Asker: 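Dropping a structure here in structure tokens format, bear with me for questions.
When reading the values below, keep in mind they use all heavy atoms of this one structure, side chains included, and skip hydrogens, waters and symmetry mates. The structure displayed is predicted, hence computed values, not measured ones. We name chains A, B, ... by the order of the sequence lines, and we start the count at 1 in each one.
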2 protein chains.
Amino acid sequence: MPARQPSKPRARRPRSQARPYHHGDLRRVLIDAALQLAAEGAEVSVREAARRAAVSPGAPFRHFPNRDALMAAAAEEAQRRFRAEIEAALSEAPATNPLARFRAFGLAYLRWAMRNPAHFEIISTGRYFVHGSSAELTRDNAELIALTEGILAEAAGQGLLRSADLKRIQIAGRALVYGFARMNLDGHLPRWGVEAGEIERMAEGVLDLFIAGIAKP
Amino acid sequence: MPARQPSKPRARRPRSQARPYHHGDLRRVLIDAALQLAAEGAEVSVREAARRAAVSPGAPFRHFPNRDALMAAAAEEAQRRFRAEIEAALSEAPATNPLARFRAFGLAYLRWAMRNPAHFEIISTGRYFVHGSSAELTRDNAELIALTEGILAEAAGQGLLRSADLKRIQIAGRALVYGFARMNLDGHLPRWGVEAGEIERMAEGVLDLFIAGIAKP
DNA sequence: TCCGTTATGTAATCATCGATTACATTTCGA
DNA sequence: TCGAAATGTAATCGATGATTACATAACGGA
């Protein structure tokens, strides 16, 4: 093992440096940089995030043990925004109409995924950090799922559904919105036209088709 | 630009080397190594593929201009297998029952995706190589899509569908199977039990739920 | 107010990877 | 048979994630 060189004394920075030695809230800035990089379609690297924060390449590792931890923190932040939007939509939906609530949930899900594709990917794919490494993300996700289960149970209670197999309906519904969101992400949706809202309208149509299919005629 | 060193003459390999200088079909071996690496869940790197082929790190670049090209070739191979399985399933399905054919298509799709998750990912995600860089992949995919459109048109012609919006049905169906496959891939499906076939049965159930939803009652 | 402990950033260094280039060897057809 | 084309090797580059030694700032108790 080659011993590290004693290294000659390093030049001190002049005391009049513009930026203070301490950054302020580097952790937060790094998370935002990671999300911004993702949103721009760029590859997210620790070094690039450090560069954006105008900090040395090693500095981020004071706040995150490794790259995965940074990505997990970014995912948690994205998930918070995602969940906030869904809950806002649900709070405006009629409290006593389960199918309308189901629709509001799905629509908010799809809209957010269409408008924040890169962030949706970070949340959903195990690509950016080890799967299940974030307890917060796991719990948060489980709560959203429980929410849809509750809504479906209500719908079944009011006799609105054709099938009694709620688990199956729930998985199918999830697969539908997840699939649509990922098709958009992976470039599998036809380019319907120049108008931006067209994809969202198709998303809405697909959701309505599904709901019509599970609803009692 | 620092000129390259003249480099002292290299030692020649003894003529009695075990492996011949030329590999035989390195291109093919590299593609298989890439697919195998993916299937093992390992990260696919050109170097590792070269290592598996017992070849120098630079050798692959004689057959592929860059990493993306190797991955694209691997994707084309995987897509061929995928498509072959779907066409086999369709050839066994009743020729005159569009909904049964639709179901056979979806089931073959889901089964292959469940059993070859990593290969499905290589095919579907633009992660491994630049999107649309493989004309073969694009064309192949378009043909599969056209196949489902034809089946749906037949079903509509026989008056089997509740809705006349075939485009919407087609996208919804695609989102459903794509979403289920990706949920499996991304670890979003509950671990129903030890038995392996359980996920495939749920896939089948979800597919049937969808078909029941679009079929005229 | 001083001082030492802790938090936080820097500089240097390493291994790995994709990629390129110069060179060596084999293959194959004119 | 001989020379060009194909194919592999070795050396090297720049970028990246990661680790370590060190420097500096921040903060709280005596």
Asker: Could you state the atom-to-atom distance from CZ of A:F61 to P of D:dT20 in whole Å?
Answerer: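 From A:F61 CZ to D:dT20 P: 13 Å.
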
Asker: Please state whether the phosphate of D:dG8, meaning OP1 or OP2, lies under 4.0 angstrom from any side-chain nitrogen or oxygen of B:H63.
Answerer: yes

Asker: Could you check how far CG of A:L70 sits from C1' of D:dT16, rounded to whole Å?
Answerer: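 Distance check: A:L70 CG to D:dT16 C1' gives 14 Å.
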
Asker: Within this structure, what is the CZ-to-P distance between B:F64 and D:dT7, rounded to whole angstrom?
Answerer: 12 Å

Asker: Under 4.0 Å from OP1 or OP2 of C:dC17: is there any side-chain N or O of B:R51 that close?
Answerer: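 True: B:R51 side-chain N/O within range (under 4.0 Å) of C:dC17 OP1/OP2.
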
Asker: Is the distance from the ring center of B:Y178 to that of A:Y178 below 6.0 Å?
Answerer: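 Ring-ring flag for B:Y178/A:Y178: false, centres at least 6.0 Å apart.
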
Asker: Name the residue closer to the 5' end of DNA chain D, choosing between A:R62 and A:R47 according to the nucleotide with the nearest heavy atom.
Answerer: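 The residue mapped nearer the 5' terminus is A:R47.
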
Asker: Using whole Å, report how far CD of A:E43 lies from C1' of D:dG14.
Answerer: 15 Å

Asker: Looking only at the side chain of A:V55 (C-beta and beyond, no hydrogens), which of the listed nucleotides C:dT10, D:dA18, D:dT9 gets closest?
Answerer: C:dT10

Asker: May I ask you to say whether B:E121 pairs ionically with B:R182, meaning some side-chain N is under 4.0 Å from a carboxylate O?
Answerer: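 B:R182 and B:E121: salt-bridged.
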
Asker: Round to the nearest Å and state the distance from B:M71 atom CE to C:dG18 atom P.
Answerer: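 B:M71 atom CE is separated from C:dG18 atom P by 10 Å.
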
Asker: So B:V44 and B:E48, do their side chains get closer than 4.5 Å, heavy atoms only?
Answerer: no

Asker: By the definition side-chain contact (heavy atoms from CB on, under 4.5 Å), identify the one residue from B:D25, B:L30, B:V29 that meets it with B:R27.
Answerer: B:D25

Asker: Map B:P57 and A:N66 onto DNA chain D by nearest heavy atom, then report which one ends up closer to the 5' terminus.
Answerer: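 Upstream on the strand: B:P57.
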
Asker: In whole angstroms, how far is the C1' atom of D:dG8 from the CZ atom of B:R27?
Answerer: 17 Å

Asker: Anything under 30° is parallel, anything over 60° is perpendicular, the rest tilted; go ahead and classify A:W112 against A:H119.
Answerer: tilted

Asker: With heavy atoms under 4.0 Å as the rule, sort B:S45 into base, sugar-phosphate or nothing.
Answerer: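 Sugar-phosphate contact only.
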
Asker: Please state how far atom CZ in B:F129 lies from atom P in C:dG18, giving the value in whole angstrom units.
Answerer: 16 Å

Asker: By nearest nucleotide on DNA chain C, pick out whichever of B:R67 and A:P60 is the more 5' one.
Answerer: A:P60

Asker: Side chain of B:S56 only, please: which of D:dT9, D:dG17, D:dG8 is the nearest?
Answerer: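 Closest nucleotide to the B:S56 side chain: D:dT9.
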
Asker: Rounded off to whole Å, could you give me the CG-to-C1' distance for the A:D25 and C:dT8 pair?
Answerer: 12 Å

